[in-house]
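Written out below as structure tokens is the structure these notes cover.
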There are 2 protein chains.
Amino acid sequence: MPREKFDFLIDRMPTPAGEMIVVADAEGNLRVIDWTDHEDRMKLLLDRQYGRGNWSLTPARDPGGLSSAMRRYFKGDRAAIDKLPVKTAGTPFQRSVWKALRTIKCGTTISYAELARRIGRPRAVRAVGLANGQNPVGVVVPCHRVIGSNGSLTGYGGGLPRKKWLLEHEGVKT
Amino acid sequence: MPREKFDFLIDRMPTPAGEMIVVADAEGNLRVIDWTDHEDRMKLLLDRQYGRGNWSLTPARDPGGLSSAMRRYFKGDRAAIDKLPVKTAGTPFQRSVWKALRTIKCGTTISYAELARRIGRPRAVRAVGLANGQNPVGVVVPCHRVIGSNGSLTGYGGGLPRKKWLLEHEGVKT
DNA sequence: CCGGCGCTCGCGGTTTTCGGACATCAATGG
DNA sequence: CCATTGATGTCCGAAAACCGCGAGCGCCGG
């Protein structure tokens, strides 16, 4: 059921872990962030969240100052992403998962089971993993800080090597 | 996929054909209108169009002057509904049907097949009937002016007697 | 012969239903 | 210690059902 159209701003920027795509709305909220080499998956997510053909991306430079903030994060200012304004669509369940993600402190990790407990659905472990994978705002909403109960990295939409890179960048020893 | 919340204003008013419910948004656009004795169906429509739990109704008196306009219509000023601002959700197909409905002149009727032709989908006859039934803004968006090819009244969400009443009120001889 | 009635079927958009996939985890057994 | 297996919750996509119709056909009675 289409509502209204969404016109977003898109920027690209290099990082030590590969080029990233930054998508923001006119109000300066971060809407989507992903790796250039996963652009197809990103478009699929946009289709699902806003409706097929209901969104468009207009190139822009450093929209909302978000690209700059990301640059600072990758340069070493790891708190630069903590307060960034983020706005997402998604089902109530997904949003509650993503909200809980932002409370995981930099440099720490938790398990999918623990995350499920924190949102009050202790048995929705697998569903939490699924919602994690649908997170449109990687890095900033730190889905990479969730790992398996046995300490293994399990999965990551951008590829496991990047998950490892991010965690080490944040001071977690793997 | 819930987006944002919709808060509407609701009013009730008597008419010669039974009590009506008038729902408007803060800008004075008519969003929904229905008969009190079909309130359940109306809520179902709201759920479908705006998402379950994504809308709320706050009582108000004559929001946007819409109730007054309706009163004038029922009193005999049949042109009172012609220019009222109407806003709806719905799929592209439904919206095209509803848009075409407003071009049917008061006092005349057309068939579902003719309506289908007018929106450029001559064979989507049944789909047009379905969209007609989902029209959230009865009377003002005059779905009652569409009848079967053989002249029978076929159907009406508010009950066939009301369809008959409205048509006669508009000067159609049945 | 003609008109009217009722049945059947095709039609097309939307809604609902259903099956399976999945970034898990704990409990087993080798 | 590793591999296997069930229990589990959510969501997506395909498929089926649903209908505010209409045309075509056969049947029947004037």
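In what follows, chains carry the letters A, B, and so on, assigned in the order in which the sequence lines appear, proteins first and then strands, with residues in each chain numbered from 1. A quick note: this is a predicted structure, and the numbers were derived from the prediction, not measured.
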In B/S/- notation, 5' to 3', how is nucleotides 25-30 of chain C contacted by protein heavy atoms closer than 4.0 Å? S-----

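Distance from the side chain of A:L130 is smallest to D:dT10 among C:dC11, C:dG13, D:dT10. When distances run from any side-chain atom of B:Q134 to the nucleotides C:dC22, C:dT15, C:dG10, the shortest one goes to C:dT15. Distance from the side chain of A:R123 is smallest for D:dT8 among the nucleotides C:dG12, C:dA23, D:dT8.
Residue contacts for A:Y156: at a heavy-atom cut-off of 4.0 Å it reaches a base atom on one of the strands shown. Using a 4.0 Å heavy-atom cutoff across all strands shown, B:V146 reaches at least one base atom of the nucleic acid. Across all strands shown, A:A124 has heavy atoms under 4.0 Å from sugar-phosphate atoms exclusively, and none from any base.
Using a 3.5 Å distance cut-off with no hydrogens or angles, the side chains of B:T154 and B:Y112 do pair a donor with an acceptor. A donor atom on one side chain and an acceptor atom on the other are found under 3.5 Å apart for B:D47 and B:W55.
When the C1' atom of C:dC22 is taken as reference, atom CZ of A:F93 falls 12 Å away, rounded to whole Å. Per the geometry, CZ belonging to A:R162 stands 17 Å off P belonging to C:dA23, to the nearest Å. Atom CZ of A:R126 is separated from atom P of D:dT10 by 13 Å (rounded to the nearest Å). Rounded to whole Å, the distance from CD1 on B:I110 to P on D:dC21 is 14 Å. Between A:W98 atom CH2 and D:dT10 atom C1' the separation is 12 Å, expressed in whole Å. Taking atom CD1 on B:I119 and atom C1' on D:dC21, their separation rounds to 13 Å, with Å as the unit. Between B:N132 atom CG and C:dG12 atom P the separation is 18 Å, expressed in whole Å. Look at CZ on A:R52: it is 11 Å from P on D:dG13, rounded to the nearest Å.
Taking a cutoff of 4.0 Å between a charged side-chain nitrogen and a carboxylate oxygen, B:K163 and B:E168 do not qualify as a salt bridge. Using a 4.0 Å cut-off between charged nitrogen and carboxylate oxygen, B:D77 and B:R71 do not count as a salt-bridge pair. Using a 4.0 Å cut-off between a side-chain N of Lys or Arg and a carboxylate O of Asp or Glu, A:R31 and A:D25 qualify as a salt bridge. A salt bridge is defined here as a Lys NZ or Arg NE, NH1 or NH2 lying under 4.0 Å from an Asp or Glu carboxylate O, and A:R41 with A:D34 meets this definition.
Remark: DNA chain D takes part in the stems C:1-10 with D:21-30, C:12-22 with D:9-19, C:24-30 with D:1-7, each of 3 or more antiparallel Watson-Crick or G-U pairs, criterion distances under 3.5 Å.
Annotation for B:D7 and B:L57: closest pair OD1-N, 4.3 Å, computed over non-hydrogen atoms. Across all non-hydrogen atoms, the minimal contact from B:S67 to B:D62 is N-OD1, 3.0 Å.
No option in A:K105, A:H144, A:R78 other than A:H144 meets the side-chain hydrogen bond (donor to acceptor under 3.5 Å, both in side chains) test with A:E170.
Under the 4.5 Å side-chain contact rule for hydrophobic residues, B:F8 and B:W35 do not share a cluster.
Mapping A:L44 and A:V128 onto DNA chain D by nearest heavy atom places A:V128 at the nucleotide closer to the 5' end.
Residue A:R48 places at least one side-chain N or O under 4.0 Å from the OP1 or OP2 atom of D:dG13.
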